[in-house]
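Sequential numbering from 1 along the given sequence is applied to the chain's residues.
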Amino acid sequence: MDGSDNAQAVTAAFAAPAAATGTITRAQTLLFAGSVGIIITNIFAPQTLVGLIGPSLGAAASEAGLVSMAALLGYAAGLFFLVPLADLVENRVLVLRMLCAAVLAAAVASVAPSAASLLLVLFVLGAASSCIQVLVPVAASMAPPGQDGRVIGDVMSGLMIGILLSRPLASLVADAFGWRAFYGIVAATLALLALLLGFTMPNRRPLAHASYAGLIASLLELLRQEPVLRRRALTAALVMAGFSVFWTAVALRLAAPPFDLSQKGIALFALVGAGGAAVTPLFGRAGDRGWTRPATIVCHLALIAALGLAAFAGAAETGGAWLPLVLMGAAAVLLDIGVVGDQTLGRRAVNLLQPKARGRINGLFVGIFFIGGAIGSLLAGIAWAWGGWNAVCAVGAVFGVMALVVDWVG
């Protein structure tokens with residue numbers, strides 16, 4: 001048996017279902033949805049806090065994007081190297097240990113004395129937050145026969161709500177109490193969540209037996225086998241990079257003239273911009289009707305158009321701020337439409353591949369596009385320091401053009 005056959009054997013071994021006790025109730029579904037919604041705030045909240053965190057720790061303007069990048073990169077690392085442990089370790093124990101690590105990391109972040117120490121603990125916090133992708137399969141395993149899709153949809157709705165609210169909530173807390181208070185509140189909330197899940201979450205023991213190295217090898221084999229997964233993950237990463245470039249730097253732009261927004265104003269802006277997520281069902285239906293390719297191209301064109309509009313809105317330096325602010329809000333909505341549409345179509349496409357390996361395929365897809373988000377966050381700070389808002393928008397638009405190139409080659 002060669003290396004490829006060996007990896008495929010491991011993939012088959014890990015396709016075995018895991019045992020879970022009990023049937024999920026409505027209250028448990030809400031608990032799982034609330035849990036993933038709370039945990040995901042750790043990943044996206046830093047995007048609106050960079051304008052406060054950087055100066056308070058003496059970080060240069062070019063380093064501001066590292067704050068957002070650390071959590072995103074940590075989450076991607078957790079998806080690749082921690083979530084696979086769900087096929088080796090009893091899931092309740094794994095989730096509680098990861099939550100305890102997240103509590104400790106958030107507590108340290110609230111008192112971090114330097115930028116370097118903060119980046120390290122935010123990376124750990126992001127990695128520990130990947131326990132989301134352990135909770136979702138546990139919830140699905142508790143669903144009655146034929147209702148696992150409904151349960152997953154309900155739980156993932158909590159994830160989407162958490163993403164939408166993370167930036168405005170972080171801005172509001174930071175405006176009232178400072179950014180350190182936000183991470184103190186995160187630590188306390190995660191500690192309570194760990195206690196609650198410790199008492200209510202059922203055991204889920206994996207039935208497959210293989211080594212950790214074999215499981216990681218099976219991930220690489222899946223990526224090698226599936227060209228659709230590679231292409232959709234690449235475009236998702238490029239689009240997520242453009243998304244992160246915008247959202248990491250927009251708080252810096254909105255705090256400057258002519259906008260002069262406070263953290264509270266930036267929070268409201270983030271809430272308005274999140275309205276683009278409402279189109280998710282439309283792109284799902286477009287995929288069901290066989291319109292995946294044209295709909296994907298529309299998403300990437302929307303991303304480019306949004307960044308062009310954002311550059312135009314951000315060019316204003318004096319005079320009334322209302323029209324530029326409205327245009328910037330429209331750009332944010334259009335940007336979110338492009339990103340959500342691409343990811344919705346991408347998730348649909350990869351979920352049609354190898355149903356027995358759906359969990360690991362989804363983990364690869366999500367992990368790769370979060371790497372794109374981390375790269376975008378890093379480049380946002382560099383672009384801002386080098387050429388201001390116009391450079392930020394140009395870098396984001398380049399990612400959109402690259403996604404279009406992938407569409408054309410594909």
Side-chain angles (χ1 to χ4, degrees), residues 34 37-57 64-65 67-72 106 109-110 118 122 125-126 129 158-190 243-278 306 309-310 313-314 316 321-337 339-340 373 376-377 380-381 384 389 392:
I38 290 169
I39 297 168
I40 198 64
T41 60
N42 301 317
I43 309 303
F44 291 94
Q47 291 180 339
T48 56
L49 300 179
V50 294
L52 297 176
I53 294 176
S56 71
L57 296 178
V67 174
S68 177
M69 183 204 74
L72 289 165
S110 68
L118 180 65
L122 288 183
L125 180 58
S129 296
L159 182 72
M160 182 58 67
I161 292 172
I163 292 173
L164 296 181
L165 296 181
S166 59
R167 290 186 293 263
L169 282 176
S171 293
L172 289 173
V173 172
D175 181 64
F177 307 107
W179 69 267
R180 292 184 184 275
F182 171 76
Y183 284 106
I185 293 172
V186 165
T189 304
L190 292 177
F243 174 87
S244 294
V245 166
F246 175 88
W247 281 108
T248 300
V250 73
L252 302 174
R253 181 66 190 94
L254 293 176
F259 306 105
D260 294 316
L261 295 186
S262 65
Q263 282 298 125
K264 187 179 295 184
I266 293 172
L268 293 174
F269 177 87
L271 191 58
V272 171
L309 181 59
W322 282 107
L323 179 58
L325 185 59
V326 169
L327 293 177
M328 190 73 81
V333 172
L334 187 59
L335 178 75
D336 281 5
I337 288 174
V339 174
V340 169
S377 293
W384 177 264
W389 181 245
V392 168

Would you call [X] and [Y] a side-chain contact if the rule is heavy atoms closer than 4.5 Å?
X: Thr41; Y: Thr189; answer: no
X: Arg253; Y: Trp384; answer: yes
X: Asp260; Y: Pro257; answer: yes
X: Ser262; Y: Asp175; answer: yes
X: Ile266; Y: Val250; answer: no
X: Phe246; Y: Gln47; answer: no
X: Leu271; Y: Leu165; answer: yes

Point-to-point distance, once rounded to the nearest 0.5 Å, from [atom1] of [X] to [atom2] of [Y]:
X: Ile53; Y: Phe182; atom1: CD1; atom2: CZ; answer: 9.0 Å
X: Leu52; Y: Arg180; atom1: CG; atom2: CZ; answer: 11.5 Å
X: Thr48; Y: Leu172; atom1: OG1; atom2: CG; answer: 9.0 Å
X: Leu122; Y: Ser129; atom1: CG; atom2: OG; answer: 10.0 Å
X: Ile163; Y: Ile43; atom1: CD1; atom2: CD1; answer: 9.5 Å
X: Leu309; Y: Met328; atom1: CG; atom2: CE; answer: 8.5 Å

Would the Trp322 and Phe259 ring centres measure less than 6.0 Å apart? no
Hey, is the main chain of [Y] close enough, under 3.5 Å, to the side chain of [X] for a donor-acceptor pair?
X: Ser244; Y: Ser377; result: no
X: Trp179; Y: Val50; result: no
X: Asn42; Y: Ile39; result: yes
X: Thr248; Y: Val245; result: no

If I compare all heavy atoms of Ala316 with all of Pro324, which pair ends up nearest, and what's the gap? CB-CG, 3.7 Å
Quick one: closest heavy-atom pair of Phe44 and Ser166, and the distance? CB-OG, 3.2 Å
